[in-house]
Amino acid sequence: MTNKPSSLNNKSIVFIGFMGVGKTTIGEAVAKKLNRDFIDIDQEIEKEFQISTTEIFNIYGEKIFREKEKAYISEYCRCPEKVISVGGGAFLQDEIKNLCLSECIVIYLHLSWEAWKERLDLIIESRPVLKGRTLEETKELFYTRQNIYASHHLKVETDQLTVDEIADRIVDLIQKTQ
Ligand SMILES: Nc1ncnc2c1ncn2[C@@H]1O[C@H](COP(=O)(O)OP(=O)(O)O)[C@@H](O)[C@H]1O
Ligand SMILES: O=C(O)C1=C[C@@H](OP(=O)(O)O)[C@@H](O)[C@H](O)C1
Ligand SMILES: [Mg+2]
């Protein structure tokens with residue numbers, strides 16, 4: 001028997017954080033462990049357009065991408081029991097941020113700049129926002145963007161942890177929170 005309020009139990013989980021911290025990978029792992037559906041907002045947009053995010057930015061522009069991002073997040077964050085990974089720029093839009101914070105459990109995945117920069121080569125080709133920036137400019141963006149992630153329910157430090165270790169910690173945290 002449990003006396004946990006069903007509303008909290010049923011809430012969807014939303015992962016936020018800078019590009020490359022692992023929102024997609026960890027979101028998928030957490031969804032598996034919790035036996036929930038996983039939704040990656042970038043993948044939903046790519047499915048609709050049938051092209052990559054980079055191509056969407058190049059052909060249609062960032063504004064169209066951001067509109068789609070808002071539409072998909074608004075739809076999914078109102079659904080119960082999902083695990084949703086949003087793109088690192090989603091919380092630039094206050095409407096998305098406020099909606100996620102009111103409807104879902106928002107988990108901020110954090111990686112230090114030192115650890116993050118080791119991952120840059122893995123993601124540079126598929127992240128149009130990073131293209132053409134010097135390392136110094138990327139560092140500035142990394143730190144400026146931390147402000148938009150400051151509003152969250154839970155924060156998880158991920159330095160030096162495997163995907164599985166992080167996912168286990170998150171499942172633990174969620175169970176303690178509920
Ligand atoms: N904890 C981790 N340790 C090592 N590599 C990781 C970890 N989490 C994610 N990665 C790798 O980092 C890259 C970016 O991960 P991804 O899930 O796409 O991040 P995001 O969705 O936040 O942009 C991928 O190549 C992924 O395999
Ligand atoms: O931070 C951003 O502005 C973006 C992050 C990307 O998602 P990830 O955070 O999953 O890389 C993707 O939505 C797009 O390339 C824009
Ligand atoms: Mg992602």
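Counting starts at 1 for both ligands and their atoms, following the listed order.
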Short N or O distance, Gly89 and ligand 2, threshold 3.5 Å exclusive: yes
Ligand-side contact atoms (ligand 1) for residue partner Val163, heavy atom cut-off under 4.0 Å: 1 (N), 2 (C), 7 (C), 8 (N)
Protein heavy-atom partner closest to atom 25 (O) of ligand 1 - residue, atom, separation in Å: Leu122 CD1, 3.7 Å
Nitrogen or oxygen of Gly88 less than 3.5 angstrom from that of ligand 2: yes
Short side-chain donor-acceptor distance under 3.5 Å, Glu103 and Ser12: no
Criterion side chain to side chain contact (heavy atoms under 4.5 Å, CB included) on Ile73 and Leu99, from CA distance to verdict: CA-CA 9 Å; Ile73 295 172; Leu99 196 59; 5.7 Å; no
Identity and separation of the nearest protein heavy atom to atom 1 (N) of ligand 1: Leu161 O, 3.0 Å
From NZ (Lys11) to CD (Glu81), nearest 0.5 Å: 13.5 Å
Atoms of ligand 2, numbered as shown, that sit under 4.0 Å from any heavy atom of Val129: 3 (O), 16 (C)
Residue and atom name of the nearest protein heavy atom (relative to atom 11 (O) of ligand 2), distance in Å to one decimal: Arg127 NE, 2.5 Å
Subset of ligand 2 atoms that lie under 4.0 Å from at least one heavy atom of Gly87: 7 (O), 9 (O), 13 (O)
Min heavy-atom dist Glu28 to ligand 1 below 4.0 Å: no
Atom pair CD1 (Ile166) and CG (Leu109), whose distance is rounded to the nearest 0.5 Å: 7.0 Å
Flag side-chain contact, heavy atom, 4.5 Å: His153 against Val14: no
Option whose closest heavy atom lies nearest to atom 3 (N) of ligand 1, chosen from Arg119, Met19, Glu165, Arg127: Arg119
Tyr108 and His152 aromatic ring geometry - parallel, tilted or perpendicular at 30°/60° bounds: tilted
For Lys23, atoms of ligand 2 separated by under 4.0 Å from a heavy atom: 8 (P), 9 (O), 10 (O)
Gly20 near ligand 1 by a heavy-atom separation under 4.0 Å: yes
Shortest protein heavy-atom distance from atom 14 (C) of ligand 2, along with the residue and atom involved: Thr53 CG2, 3.8 Å
Side chain Tyr149, main chain Gly88, donor-acceptor under 3.5 Å: yes
Heavy atom of the protein closest to atom 13 (O) of ligand 2 (residue, atom name, distance): Asp42 OD1, 2.7 Å
Expected output: side-chain Asn147 to main-chain Thr144 donor-acceptor under 3.5 Å: yes
Side chain, backbone, both or neither: Thr24 near ligand 1, heavy atoms under 4.0 Å: both
Thr24 near the Mg ion (ligand 3) via N/O/S, less than 2.8 Å: yes
4.5 Å side-chain heavy-atom contact, Val129 and Arg145: yes
Close side-chain approach of Phe15 and Val21, heavy atoms under 4.5 Å: no
Ligand 1-proximal atoms of Lys23, by part, heavy-atom distance under 4.0 Å: both
Thr25 N/O under 3.5 Å from ligand 1 N/O: yes
Which residue and heavy atom of the protein sit nearest atom 19 (O) of ligand 1, plus the separation: Gly22 N, 3.1 Å
Part of Ile123 with heavy atoms under 4.0 Å of ligand 1, whether side chain, backbone, both or neither: side chain
Atom indices of ligand 1, in the order listed, that fall short of 4.0 Å to a heavy atom of Ile166: 1 (N)
Check: Ile170 and Ile13 side chains under 4.5 Å, non-hydrogen atoms: no
Salt bridge flag under 4.0 Å for residues Glu44 and Lys47: yes
Heavy atom of Arg145, distance to ligand 2 below 4.0 Å: yes
Heavy-atom side-chain contact between Asp37 and Tyr76 under 4.5 Å: no
Side chains of Phe65 and Asp42 in contact at under 4.5 Å (non-hydrogen atoms): yes
4.0 Å heavy-atom contact, Arg66 with ligand 2: yes
